[in-house]
Amino acid sequence: MTQQLPQSVLFCCDHNAVRSPMAEGLMKKFFGMDVYVQSVGVKNDLEINGFSIAVCQEVGVELSRHRSRSFDEMEDWGDDLSSFDLVIALSPASQRRALELTRYFHLDVEYWPVLDPTGLGEGREATLAQFRAARDQIVTRLRERFGPPTQSLA
């Protein structure tokens with residue numbers, strides 16, 4: 001069910017190190033400047049995962065400069081939760097936190113259950129396959145929710 005693009009989207013997951021940065025980067029790649037996109041984690045205790053960087057590079061999405069941040073740090077970075085039209089949670093913990101933080105705002109929170117690929121797969125190739133699966137799940141959800149990309153995926 002394709003819906004109109006929101007003006008701003010916040011993706012969230014547990015650490016802002018794997019799924020939410022991938023979703024942020026892919027959304028920016030698909031829709032460019034049409035949508036303001038950011039991502040956060042419940043905690044910010046991990047740097048961005050190298051496998052996330054690698055599998056996104058395969059589809060032309062640059063994540064190496066991503067800096068992980070938490071919901072709590074978001075305001076320090078100049079973003080207010082109430083300024084987002086849509087919050088998309090990619091993990092149960094981030095969904096709980098987003099619902100807790102948005103109960104005072106009229107804000108839509110959606111839950112997209114995306115596989116957490118960390119710790120799955122023995123060896124580099126198997127691990128990459130798990131991260132590709134998570135990336136591809138996000139791509140599918142983006143297309144289902146927002147329609148075909150408005151930017152070319154060169």
Side-chain angles (χ1 to χ4, degrees), residues 1-74 76-79 81 83-95 97-98 109-154:
M1 176 179 85
T2 304
Q3 296 177 17
Q4 185 178 359
L5 277 176
Q7 289 186 321
S8 55
V9 176
L10 178 68
F11 289 100
C12 54
C13 66
D14 294 346
H15 303 278
N16 194 218
V18 177
R19 291 167 288 180
S20 56
M22 286 201 288
E24 177 187 350
L26 289 161
M27 180 98 180
K28 286 176 176 173
K29 176 80 172 172
F30 280 19
F31 302 104
M33 303 312 271
D34 297 343
V35 184
Y36 177 71
V37 185
Q38 290 296 314
S39 65
V40 296
V42 175
K43 300 191 278 287
N44 152 26
D45 53 351
L46 301 171
E47 282 304 309
I48 185 156
N49 189 293
F51 287 108
S52 291
I53 294 171
V55 300
C56 282
Q57 249 169 357
E58 294 172 352
V59 295
V61 174
E62 177 54 54
L63 293 184
S64 63
R65 291 189 305 277
H66 176 81
R67 294 291 163 255
S68 299
R69 63 183 185 159
S70 67
F71 278 107
D72 296 336
E73 290 169 304
M74 194 169 73
D76 299 342
W77 291 47
D79 279 318
L81 195 59
S83 65
F84 290 93
D85 297 322
L86 176 62
V87 177
I88 298 175
L90 305 174
S91 70
S94 65
Q95 180 191 27
R97 184 81 169 114
V109 177
E110 292 181 14
Y111 174 52
W112 295 2
V114 172
L115 163 94
D116 180 0
T118 55
L120 300 176
E122 291 292 317
R124 181 172 171 75
E125 280 312 307
T127 302
L128 280 168
Q130 295 295 332
F131 275 78
R132 285 184 191 113
R135 176 200 65 203
D136 295 346
Q137 266 188 312
I138 293 166
V139 167
T140 299
R141 294 304 296 252
L142 287 171
R143 288 177 186 272
E144 287 171 356
R145 176 66 169 80
F146 302 116
T150 58
Q151 307 296 309
S152 70
L153 300 178

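Only a predicted model underlies this, so the values are computations on that prediction, with no experimental measurement involved.
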(request) With the side chain counted from C-beta on, respond yes when S91 and R97 share a heavy-atom pair under 4.5 Å apart, and no when they do not. (result) no
(request) Report yes if the side chains of M27 and V9 come closer than 4.5 Å at any heavy-atom pair, otherwise no. (result) yes
(message) If the condition is side-chain contact (heavy atoms from CB on, under 4.5 Å), which residues does R69 pass it with, not counting sequence neighbours?
(response) N16, Q38, V40, E73, M74, W77, D79
(request) Calculate, to the nearest 0.5 Å, the distance between atoms CD1 and CG belonging to I138 and L26 respectively. (result) 6.0 Å
(message) As an exercise, state the distance from CD1 of I48 to OG of S39, rounded to the nearest 0.5 Å.
(response) 8.0 Å
Let me check something: any side-chain donor-acceptor pairs from residues 117-126 under 3.5 Å, sequence neighbours excluded? List them with distances.
from : atom 1 : to   : atom 2 : distance (Å)
T118 : OG1    : D116 : OD1    : 2.8
T118 : OG1    : D116 : OD2    : 3.3

(message) Does any part of the side chain of E47, heavy atoms only, come nearer than 4.5 Å to the side chain of R67, both counted from C-beta?
(response) yes
(message) What's the separation between atom OG in S94 and atom CZ in F71, rounded to the nearest 0.5 Å?
(response) 6.0 Å
(message) What I'd like to find out is whether the side chain of L81 reaches to under 4.5 Å of the side chain of V87, using heavy atoms alone.
(response) yes
(message) Tell me if a side-chain donor or acceptor on S8 pairs with a main-chain N or O of S83 at a distance below 3.5 Å.
(response) yes
(message) Could you check whether any side-chain heavy atom of V37 comes within less than 4.5 Å of a side-chain heavy atom of F30, counting everything from C-beta outward?
(response) no
(message) Nearest 0.5 Å, please: how far is CZ in R141 from CZ in R143?
(response) 14.5 Å
(request) With sequence neighbours excluded, give me every ring-ring contact (aromatic ring centres under 6.0 Å, His included) pair touching residues 35-68. (result) Y36-F84, F51-F131
(request) Any pair with a residue in residues 7-16 that passes salt bridge (charged side-chain N to carboxylate O under 4.0 Å, His left out), sequence neighbours left out, goes on the list, sorted by first then second residue, please. (result) D14-R19
(request) Provide the closest heavy-atom pair for V109 versus A98 in the form atom of the first, atom of the second, distance. (result) CG1-CB, 4.1 Å
(request) Taking all heavy atoms of S52 and all of L63, pick out the closest pair and write down the distance. (result) O-CD1, 3.8 Å
(request) Check whether any side-chain heavy atom of W112 sits under 4.5 Å from a side-chain heavy atom of T140, and report yes or no. (result) no
(request) Let me see the working for L86 and F146 under side chain to side chain contact (heavy atoms under 4.5 Å, CB included), right down to the final yes or no. (result) CA-CA 12 Å; L86 176 62; F146 302 116; 3.8 Å; yes
(request) Give, for atom CE of M22 and atom CG of D136, the distance between the pair rounded to the nearest 0.5 Å. (result) 9.0 Å
(message) Is there a side-chain contact between D85 and V35 in this structure, where contact means two heavy atoms from C-beta onward sitting under 4.5 Å apart?
(response) no
(message) Nearest 0.5 Å, please: how far is SG in C12 from CD1 in I88?
(response) 9.0 Å
(request) Only counting residues at least two apart or in another chain, list the ones meeting side-chain contact (heavy atoms from CB on, under 4.5 Å) with A54. (result) L128
(message) My understanding is that only residues two or more places apart in sequence, or in another chain, count here; which of them pass ring pair (Phe, Tyr, Trp, His ring centres under 6.0 Å) with Y111?
(response) none
(request) Check the surroundings of atom CD in Q7: do more than 12 heavy atoms from other residues, nucleotides or ligands lie under 6.0 Å from it? (result) no
